[in-house]
Amino acid sequence: MHVLLVASAFNSLTQRVHAELRDHGHSVAVELALPHVSLTEAADRHQPDLVLAPMLRTAVPEEVWAARTCLIVHPGPLGDRGPSSLDWAVRDRAARWGVTVLQAEAEMDAGPVWATADCPVPPVGKSDLYRGEIADAALRAVLLAVGRFASGAYVPRPQATGIARPAMRQDSRRIDWEADSTERVLSALRAADSQPGGRDELLGAEWHLHGGHPADRLRGRPGELLATRAGAICRATADGAVWIPELRAPRIPGGPATPRLPATTVLADRLPPLREHPAPFPTDPRRRTWSDIGYREEGATGFLSFSFPGGAMSTAHCRRLLDAYRAACARPTSVLVLGGGRDFFSNGIHLGVIEAAADPAAESWANINAIDDLVEAVLTTTDRLVVAALGGNAAAGGAMLALAADEVWCRSGAVLNPHYRLMGLTGSEFWTYTLPRRVGTGVAERLTTEALPLSAEAALRLGLVDRTVPCAPGAFAAETALLASRLAAFPATPARIAAKKARRERDEADRPLAAYRAAELAPMRATFDDPAAPYHALRRAFVRKETPAGTPPHLARAVPGRHTAPLPSRGRPFTAMAVHDEARETPGC
């Protein structure tokens with residue numbers, strides 16, 4: 001079946017739907033819903049069997065939904081309506097939520113229902129929830145709805161009632177630092193992550209706050225800044241304190257969007273003298289505190305976790321993670337797990353920090369070298385096995401960081417984008433050494449030039465990853481810990497470590513890692529130093545969230561499915577009402 005994805009942006013959920021529909025044999029094309037683009041003309045041009053909108057901020061034109069079936073993915077349970085569904089769920093600390101796939105009609109979110117799926121709502125940020133439990137539920141519902149449509153025998157059920165929630169405004173996100181508890185503050189911050197951020201006043205100016213984590217021991221006068229940690233600030237609440245990793249300056253009317261940046265970077269000279277309050281290393285499991293890098297051990301296995309906002313790794317992030325990696329390698333372990341968190345693994349260099357730098361070219365060069373240093377440290381670790389554990393998505397240099405490990409384990413819901421082309425870069429992170437070793441030169445060329453997302457299962461079939469872990473986002477750390485402990489105890493592991501060392505020595509003799517690095521960095525340096533290079537404009541557009549002129553050609557063209565699926569008859573009439581089985585169609589995450 002040919003499916004046209006209509007989306008406001010090619011975001012994480014749209015990428016996952018694109019990848020998994022192809023896994024199920026469907027051909028897929030994408031059209032972005034842009035102000036100056038006619039979706040009616042796009043649908044007529046593509047002639048899809050089905051139109052599917054995984055993430056759409058605007059209404060589908062009547063000319064589209066009246067002519068062909070158009071399904072909308074709404075991140076809310078049956079009967080929920082409105083543009084801020086997840087915001088309300090997170091702010092109000094709902095225990096469970098869901099996703100509804102419904103047919104587009106004149107009234108927003110009120111059309112007949114094709115499928116639903118529910119999921120728990122853990123205490124995490126909205127964007128983390130969206131990429132995790134909500135995305136899992138969305139894929140279950142989407143695949144069920146697509147299958148029902150393909151059968152030609154399913155009649156979607158009408159919605160009897162619904163609750164239309166209003167868009168959440170900043171008044172509903174306001175924090176009262178004098179009165180609000182830590183839990184209340186965290187709920188407000190999490191509901192605003194990553195957009196639009198919670199608007200607040202701090203140090204005589206207005207900012208948008210992004211991210212929130214509880215502090216366990218710090219206390220102070222409500223609203224007071226107490227300490228810093230790895231670029232974050234700690235602010236006192238009525239009964240405790242929270243860590244806030246990022247801030248964003250308000251957008252000037254008519255000006256470009258402003259980037260989210262480390263809080264201490266944004267506040268700069270406004271910050272009063274505050275104590276840097278580092279987290280314990282190794283991590284103390286008895287403490288409930290936040291750190292973007294942590295380390296713990298279980299027997300002969302070490303676990304080096306890291307979680308950077310948006311998966312972006314600045315020069316400072318890379319250097320701190322490299323220091324932690326070296327400290328972890330000094331421990332007496334035979335297996336080291338890198339990653340293992342529930343959200344992004346890494347998306348490579350930090351374009352926001354680069355764009356905000358006084359000299360973006362110099363910062364680009366510093367950032368790419370810092371991440372190369374980290375990748376080289378992983379590649380040259382020969383006294384233990386290193387596992388990259390991807391609980392969430394990875395892209396560009398972050399995907400190549402994972403490939404430096406001996407084994408790559410992915411949660412089944414992760415999406416990989418192992419390419420650089422869309423940012424006008426040729427790439428680094430030793431990808432010319434690691435990627436062809438795993439998938440061959442032909443597939444490596446295709447992956448880096450097509451620039452399309454891969455599901456975890458597709459990556460497994462290609463040899464890009466070694467294992468997929470089918471579990472809920474919150475269970476990934478425990479699942480990988482169990483697998484890693486088994487790997488450390490496996491009798492053949494010492495022999496594998498010895499063979500790894502010998503192989504690295506042979507590879508180094510054949511062509512040193514320094515040669516790969518020099519060859520990759522030469523065109524990168526030329527790009528960074530050329531003000532006219534497309535990279536600079538593409539980076540600026542990405543950071544400022546500029547509206548593209550049109551759908552990129554690589555998305556607009558139809559991409560075939562990965563195996564043949566029968567094409568259903570178009571316009572087949574419904575023959576009977578289907579049996580609605582809630583237990584089967586709404587499994588929990």
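By convention here, the first residue in the shown sequence is residue 1.
- Test T289, T228, L218 against H277 for side chain to side chain contact (heavy atoms under 4.5 Å, CB included) and you get one pass: L218.
- For the pair D109 (side chain) and G82 (backbone), a donor-acceptor distance under 3.5 Å is present.
- When the shell of 6.0 Å around CZ of R169 is examined, it contains 12 or fewer heavy atoms from other residues, nucleotides or ligands.
- Residues H350 and H317 meet the side-chain proximity criterion, which asks for heavy atoms closer than 4.5 Å.
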Quiz item: side-chain contact (heavy atoms from CB on, under 4.5 Å) between N367 and C318: does it pass, once the steps are laid out?
Solution: CA-CA 8 Å; N367 202 164; C318 293; 4.1 Å; yes
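- Judged by distance alone, with hydrogens and angles left aside, the side-chain atoms of T100 form a donor-acceptor pair with the main-chain N or O of G76 at under 3.5 Å.
- For the atom pair L247 CG and E206 CD, the distance stands at 12.0 Å (nearest 0.5 Å).
- Using a 4.0 Å cut-off between charged nitrogen and carboxylate oxygen, D136 and R16 count as a salt-bridge pair.
- What you find for S314 and V353 is that their closest heavy atoms are CB-CG2, 4.2 Å.
- In this structure, D128 contributes its side chain and D343 its backbone to no donor-acceptor pair below 3.5 Å.
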Self-check item: Pair T333-E297, side chain to side chain donor-acceptor pair (under 3.5 Å): steps then yes or no
Solution: CA-CA 8 Å; T333 59; E297 287 179 9; 5.7 Å; no
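- No salt bridge links R173 with D200; every basic N to acidic carboxylate O contact stays at or beyond 4.0 Å.
- No side-chain donor-acceptor contact under 3.5 Å links R91 to the backbone of A191.
- One side chain, H74 or D80, offers a donor N or O that lies under 3.5 Å from an acceptor on the other.
- Aromatic ring centroids of F306 and F345 lie under 6.0 Å apart.
- When all heavy atoms are compared, the tightest approach of N347 to A396 is O-CB, 4.1 Å.
- Using modelled atom types, one side-chain atom of Q170 and one backbone atom of R199 make a donor-acceptor pair closer than 3.5 Å.
- Note that the CG atom of L261 and the CG atom of L267 stand 10.5 Å from one another [nearest 0.5 Å].
- Atoms OG1 and CG, on T480 and L487 in that order, are 12.0 Å from each other to the nearest 0.5 Å.
- Side chain of W88 to backbone of P166: a donor-acceptor contact under 3.5 angstrom is found.
- The salt bridge (Lys or Arg N to Asp or Glu O under 4.0 Å) search around R296 returns E298, not counting sequence neighbours.
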Exercise. Kindly indicate, with the supporting measurements, whether the criterion salt bridge (Lys or Arg N to Asp or Glu O under 4.0 Å) is fulfilled by R174 and E201.
Key: CA-CA 10 Å; R174 183 70 64 179; E201 293 181 4; 5.6 Å; no
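- Atom-to-atom distance recorded for I233:CD1 and L225:CG is 5.0 Å, nearest 0.5 angstrom.
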Self-check item: Derivation of the side chain to side chain donor-acceptor pair (under 3.5 Å) call for E363 and W365
Solution: CA-CA 5 Å; E363 181 56 33; W365 182 245; over 6 Å; no
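- Using a cut-off of 4.0 Å between Lys/Arg side-chain N and Asp/Glu carboxylate O, E355 and R540 are scored as salt-bridged.
- Applying the side-chain hydrogen bond (donor to acceptor under 3.5 Å, both in side chains) test to N11 and every residue at least two apart in sequence or in another chain returns T14, Y130.
- Pairing each heavy atom of V242 with each of L189, the nearest pair is CG2-CD1, 4.3 Å.
- For the atom pair D193 CG and K126 NZ, the distance stands at 7.5 Å (nearest 0.5 Å).
- Under a 3.5 Å cut-off, the side chain of K545 and the backbone N or O of T258 do not form any donor-acceptor pair.
- Of the possible donor and acceptor atoms, one in the side chain of Q15 sits under 3.5 Å from a partner among the backbone N and O of F10.
- In this structure, R411 and F476 approach most closely via the heavy-atom pair N-CE1, 3.5 Å.
- Side chains of T182 and T237: a donor on one and an acceptor on the other come within 3.5 Å.
- Taking every heavy atom of both residues into account, L374 and Y325 meet most closely at CD1-CB, 4.5 Å.
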Practice problem: Apply the test side-chain contact (heavy atoms from CB on, under 4.5 Å) to residues M524 and L425: give CA-CA distance (whole Å), side-chain angles for both, the deciding distance (0.1 Å), then the verdict. | Solution: CA-CA 7 Å; M524 295 283 277; L425 296 173; 4.0 Å; yes
Quiz item: Given the rule in the side-chain contact (heavy atoms from CB on, under 4.5 Å) test, do L304 and L321 qualify, once you have shown the distances and angles that lead to the verdict?
Solution: CA-CA 9 Å; L304 180 60; L321 186 54; 4.1 Å; yes
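- Looking only at distances, no side-chain donor or acceptor of S334 sits under 3.5 Å from a matching main-chain atom of R384.
- Nearest heavy atoms, S291 versus I293: OG-O, 2.7 Å.
- Inspection of the D292 and S307 side chains reveals no N or O donor paired with an N or O acceptor under 3.5 Å.
- Residues W97 and S85 have side chains that bring a donor and an acceptor to within less than 3.5 angstrom of each other.
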Quiz item: Is there a side-chain contact (heavy atoms from CB on, under 4.5 Å) between R57 and M55 once you walk through the steps?
Solution: CA-CA 7 Å; R57 301 189 188 99; M55 192 282 287; 4.0 Å; yes
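- L379 CG to T434 OG1: the interatomic distance, rounded to the nearest 0.5 Å, is 7.0 Å.
- Annotation: cation-pi pair R539/Y535 present, NZ/CZ under 6.0 Å from the ring centroid and within 45° of its normal.
- Using a 4.0 Å cut-off between charged nitrogen and carboxylate oxygen, R517 and D373 count as a salt-bridge pair.
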Practice problem: Would you please test E457 and T468 for side chain to side chain donor-acceptor pair (under 3.5 Å) and show each step? | Solution: CA-CA 7 Å; E457 290 300 326; T468 58; 3.0 Å; yes
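- A cation-pi geometry, defined here as NZ or CZ lying under 6.0 Å from the six-membered ring centre and within 45° of its normal, holds between R235 and W177.
- Looking at R287 and D216, a side-chain N of the basic residue comes within less than 4.0 Å of a carboxylate O on the acidic one, giving a salt bridge.
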Quiz prompt | Candidate pair R131 and S12, rule side chain to side chain donor-acceptor pair (under 3.5 Å), full reasoning | solution = CA-CA 7 Å; R131 288 185 290 268; S12 60; 5.2 Å; no
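- Taking the six-membered ring for Trp and the full ring otherwise, F528 and H536 have centroids separated by 6.0 Å or more.
- Under the side-chain hydrogen bond (donor to acceptor under 3.5 Å, both in side chains) criterion, T301 pairs with no residue at all, not counting sequence neighbours.
- Looking at S181 and D239, their side chains never bring a donor and an acceptor atom within 3.5 Å of each other.
- By the 30° and 60° cut-offs, the orientation of the rings of W290 relative to W243 is tilted.
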